[in-house]
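Before any comments, here is the structure.
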Amino acid sequence: MTDSAAPVVLIVEDEPDVAETYNLWLADDYEVRIAGDGDEGLDKLDEEVDVVLLDRMMPGLSGDEVLERIRERELGCRVAMVTAVEPDFDILEMGFDAYLSKPIRSEELIETVEKLLERSTYDRLLQKYYALVEKQATLETAKSGAELAESDEYAQLQNRIADLQDGLSQTMGGVEDDADFITAIQQIGGSEDT
Amino acid sequence: MYDLSSVLETEAVSEVRPGTSILIAGPAMTGKESLAMEILAEGSRNDDGALVVSTSDSAETIVEDYRDRVAGVNNLQLGVVDCRAEGSGGGLADGDTPPGLYVHKVSSPGDLTGIGIGITKCLEALHGAGAEEGRMALISLSTMLTYTNRETVFKFCHVLSSRLDAAGYIGVFTIDSGAHDDQTLQVIKQAFDGLIEVRDGEAGREARVMGLTDGPTDWTDL
């Protein structure tokens with residue numbers, strides 16, 4: 001049931017039954033990869049993976065260690081941590097994009113994956129928006145008001161900026177709830193100030 | 001709607017939509033911070049929640065000054081995110097505060113995630129206390145710009161504005177227009193719905209509003 005355009009979800013889970021359950025829920029809409037431990041998870045991870053469901057408590061490499069390596073590789077994927085207990089916001093400071101506490105219901109899992117994909121869209125739009133705003137500012141500081149009024153390039157830029165603003169306000173995945181807000185900020189914080 | 005016209009006498013700010021974010025820009029020592037705090041204080045006098053995010057003053061100083069400013073207000077609901085808490089021991093700590101006051105300390109103005117968590121916790125507390133409407137002031141973006149770059153600050157402002165929008169609050173953010181190049185100012189402005197420019201005019205401090213109505217307002221005395 002997979003096609004090449006479907007988003008890719010990687011399940012890293014040491015209990016085969018649990019992994020297979022997640023797979024059943026997701027396989028209709030996503031290309032699913034399954035890894036039985038942290039090392040295998042890192043092997044099966046590449047640029048095509050959009051979302052990783054990462055069990056925190058596994059023999060061998062722990063979820064935290066796997067996350068650290070994923071971030072080191074600077075892949076653009078989103079990571080949802082699967083825990084036995086519900087953690088506080090502070091867990092988000094560790095670099096996870098979302099968390100799920102066991103046992104997970106199917107709607108919950110699907111919602112989380114969708115939300116993470118939406119957030120990727122939001123970040124991409126925000127990045128594009130910023131690039132255009134920089135361009136606009138360059139023109140505004142270099143040219144007079146009269147020159148800007150006559151510039152087709154400037155008019156087009158303003159239209160594209162307005163379109164992106166609409167797109168961003170429709171993609172509220174970044175800030176739908178508090179955890180979203182924090183992870184959206186984390187995303188923009190980038191790696192520069194660490 | 002939020003009415004800011006008692007602080008800034010112009011029709012342009014008499015009906016500010018919930019979720020609006022406004023940049024207050026001007027040279028150093030032109031009263032940007034005081035204008036921002038007065039906008040919050042006016043809200044507190046009408047039972048709005050108030051949230052101050054500061055990169056320069058300690059939570060203790062902010063709380064003291066704010067209490068003086070809104071003297072006589074009962075049931076004050078004030079959240080403070082102190083972003084320069086590095087090495088500042090004692091005084092008001094997380095969770096150790098009187099009713100109606102919510103303080104969160106963050107290690108540095110560059111710790112945007114920490115600031116975000118602080119804002120979230122304060123907004124939750126203010127909402128929990130019944131402050132459905134409220135006003136946030138961030139003072140100042142100039143300091144944040146020295147800790148991170150303008151891309152990060154731009155995106156932060158954008159995301160934070162969306163969060164305030166979801167909460168139905170309004171936000172005012174100050175920036176020292178003399179401390180940054182034109183490109184930076186132009187970029188940062190774009191993250192906001194409106195702009196209040198302040199300056200020292202010949203007859204004293206003046207301000208004008210842009211972006212909230214068609215065309216800029218005239219300069220008016222502050």
Side-chain angles (χ1 to χ4, degrees), chain A residues 88-97 119 122-143 145 148 154 157-158 161-162 164-165 167-194, chain B residues 19 21 53 81 83 94 104 106-125 127-128 144-167 169 180-193 215-216:
Chain A
D88 190 26
F89 284 138
D90 302 356
I91 204 79
L92 295 169
E93 288 199 81
M94 294 172 57
F96 293 100
D97 299 296
R119 195 180 301 144
Y122 180 87
D123 288 339
R124 251 198 325 273
L125 288 177
L126 188 56
Q127 182 58 41
K128 227 187 214 171
Y129 180 56
Y130 172 73
L132 292 182
V133 166
E134 276 285 347
K135 234 185 222 174
Q136 176 182 255
T138 306
L139 287 177
E140 283 170 349
T141 49
K143 290 180 192 289
L148 289 176
Y154 185 66
L157 198 54
Q158 284 191 310
I161 285 175
L164 272 173
Q165 265 172 336
L168 276 166
S169 60
Q170 279 158 26
T171 316
M172 289 295 281
V175 289
E176 256 167 20
D177 60 33
D178 290 336
D180 275 348
F181 170 59
I182 302 300
T183 42
I185 289 179
Q186 238 163 9
Q187 203 60 33
I188 55 172
S191 46
E192 289 149 280
D193 27 79
T194 49
Chain B
S21 291
V53 181
V81 180
C83 315
D94 292 8
H104 193 86
V106 181
S107 61
S108 136
D111 178 8
L112 300 187
T113 303
I115 295 172
I117 289 175
I119 290 172
T120 295
K121 290 192 168 168
C122 286
L123 284 175
E124 269 184 353
H127 258 159
M144 285 177 90
L145 279 162
T146 63
Y147 281 82
T148 65
N149 55 36
R150 72 166 171 255
E151 175 173 354
T152 306
V153 172
F154 172 86
K155 289 179 178 173
F156 175 77
C157 290
H158 188 91
V159 174
L160 179 51
S161 298
S162 308
R163 181 67 185 83
L164 291 173
D165 194 13
Y169 276 39
H180 314 285
D181 58 42
D182 289 350
Q183 177 88 9
T184 302
L185 289 171
Q186 285 299 116
V187 166
I188 297 296
K189 274 180 204 168
Q190 183 72 35
F192 295 90
D193 304 302

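This structure is a prediction, so every number in the text was calculated from the model and none was measured. So you know, we letter chains A, B, ... as the sequences are listed, proteins then strands, and number each from 1.
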Examine whether an atom of [X] lies under 4.5 Å from a heavy atom of chain B, and if so say whether it belongs to the side chain, the backbone or both; otherwise answer neither.
| X | answer |
| --- | --- |
| A/Thr141 | side chain |
| A/Glu140 | side chain |
| A/Gln165 | side chain |

Can you find a heavy atom in the side chain of B/Ile188 that is under 4.5 Å from one in the side chain of B/His180?
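Sidechains of B/His180 and B/Ile188: no contact.
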Pick whichever of B/Val187, B/Leu185, B/Thr184 has the most heavy-atom pairs under 4.5 Å with chain A.
B/Val187
Sort out for me which of B/Gln183, B/Arg150, B/Lys189 touches chain A most, counting heavy-atom pairs under 4.5 Å.
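Maximum pair count with chain A is reached by B/Gln183.
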Spatial distance of atom CD1 (A/Ile161) from atom CD (A/Gln136) [nearest 0.5 Å]:
3.5 Å
What residues form a salt bridge (charged side-chain N to carboxylate O under 4.0 Å, His left out) with A/Asp123, not counting sequence neighbours?
A/Arg78
Mind telling me whether B/His158 and A/Tyr122 have parallel, tilted or perpendicular rings, with 30° and 60° as the class edges?
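Ring orientation, 0 to 90° scale: tilted.
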What residues, two or more places apart in sequence or in another chain, satisfy ring pair (Phe, Tyr, Trp, His ring centres under 6.0 Å) together with B/Phe154?
A/Tyr129, A/Tyr130
